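First up is the structure itself, then whatever we jot down about it.
Since the model is a prediction, treat every value here as computed from it, not as a measurement.
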Amino acid sequence: SGVFWSSLLSAVCRIIMAHQQVRRKLIAVIGDEDTCTGFMLGGIGEINDKRQPNFLIVRKDTSRSEIEDSFNQFMRRSDIAIILISQYIAEEIRHLLDQNTQSIPAVLEIPSKEHPYDPTKDSVLRRAKVTDAILLDWILSFLSIHYMSLIKYYYYIDTFQ
């Protein structure tokens, strides 16, 4: 099981690195030590010209304001295309994630070793469900209007023929 996940992580990291070389954009990681180390071993780690890393290792003594500051810095950096954040850490700055409307950098919540992924907490999925609900409501409204028109049309044809 561990070998499978290790191989999968390695393959994902190679794909990501190949994509980065083409686009020259980075992936930022906010996570616990195991999560960040896994991505660093996969080649994600970078330090830019201003000596700013593209990762934050969150420990027990890391304050919420440090997490918020790093997240906001990653959001402002033009060299970052994706921010991966462990979901349990994302819960601490949920207000920032919910306010985010930018598509780039994309913010993706990921599981960690100690905390499994919960799709009900994911801000991207919740936003997609709202969009889907709005779209579904529009489609149903559209169909019901046209359905009523068809009923009236057929009633008219039946009545006056």
Quiz item: Cut-off 3.5 Å, side chains only: do Asp32 and Thr35 have a donor facing an acceptor?
Solution: yes
Self-check item: Trace of the side chain to side chain contact (heavy atoms under 4.5 Å, CB included) decision for Val107 with Phe71
Solution: CA-CA 10 Å; Val107 180; Phe71 177 78; 3.9 Å; yes
Self-check item: Step-by-step side chain to side chain contact (heavy atoms under 4.5 Å, CB included) determination, Ile44 to Asn54
Solution: CA-CA 8 Å; Ile44 301 296; Asn54 65 329; 4.0 Å; yes
Practice problem: Answer yes or no: is there a side-chain heavy-atom contact under 4.5 Å between Ile82 and Leu108? | Solution: yes
Quiz item: In terms of heavy-atom contacts, does CG of Asp49 have more than 12 from other residues, nucleotides or ligands at under 6.0 Å?
Solution: no
Exercise. With rounding to the nearest 0.5 Å, note down the distance linking OG in Ser86 to CD in Glu92.
Key: 10.5 Å
Exercise. Keeping the roles fixed (side chain from Arg64, backbone from Ile93), state whether a donor-acceptor pair exists under 3.5 Å.
Key: no
Practice problem: For Tyr88, check ring-ring contact (aromatic ring centres under 6.0 Å, His included) against everything at least two apart and list the hits. | Solution: His115
Exercise. Nearest 0.5 Å please: distance from the CG atom of Asn100 over to the CD1 atom of Ile83.
Key: 7.5 Å
Self-check item: Salt-bridge criterion met for Arg94 and Glu109 (N-O under 4.0 Å)
Solution: yes
Exercise. Would you give the length of the straight line joining atom OG of Ser112 to atom CD1 of Ile85, rounded to the nearest 0.5 angstrom?
Key: 11.0 Å
Quiz item: Taking atom OG of Ser70 and atom CD of Gln52, what is their separation to the nearest 0.5 Å?
Solution: 10.0 Å
Quiz item: Would you call Arg77 and Asp79 a salt bridge, taking side-chain N to carboxylate O under 4.0 Å as the test?
Solution: yes
Quiz item: Any side-chain donor-acceptor pair under 3.5 Å between Ser63 and Glu66?
Solution: yes
Quiz item: If you round to the nearest 0.5 Å, how far is CG of Leu26 from CZ of Phe74?
Solution: 10.0 Å
Exercise. Kindly compute the distance separating CE (Met40) from CD (Glu33), expressed to the nearest 0.5 Å.
Key: 11.0 Å
Quiz item: Are Ile30 and Leu84 close enough, and set up right, to give a side chain to side chain contact (heavy atoms under 4.5 Å, CB included), and what steps lead you there?
Solution: CA-CA 6 Å; Ile30 301 174; Leu84 301 176; over 6 Å; no
Quiz item: Do you know which two heavy atoms are closest between Glu46 and Phe55, and how far apart they sit?
Solution: O-CE2, 4.4 Å
Quiz item: Looking at side-chain heavy atoms only, is the closest gap between Leu96 and Gln99 below 4.5 Å?
Solution: yes
Practice problem: Give the C-alpha distance, both sets of side-chain angles, the deciding distance and a yes or no for side chain to side chain contact (heavy atoms under 4.5 Å, CB included) between Ile89 and Ile67. | Solution: CA-CA 8 Å; Ile89 296 169; Ile67 298 168; 3.9 Å; yes
Quiz item: Any side-chain heavy atom of Cys36 within less than 4.5 Å of one from Val29?
Solution: yes
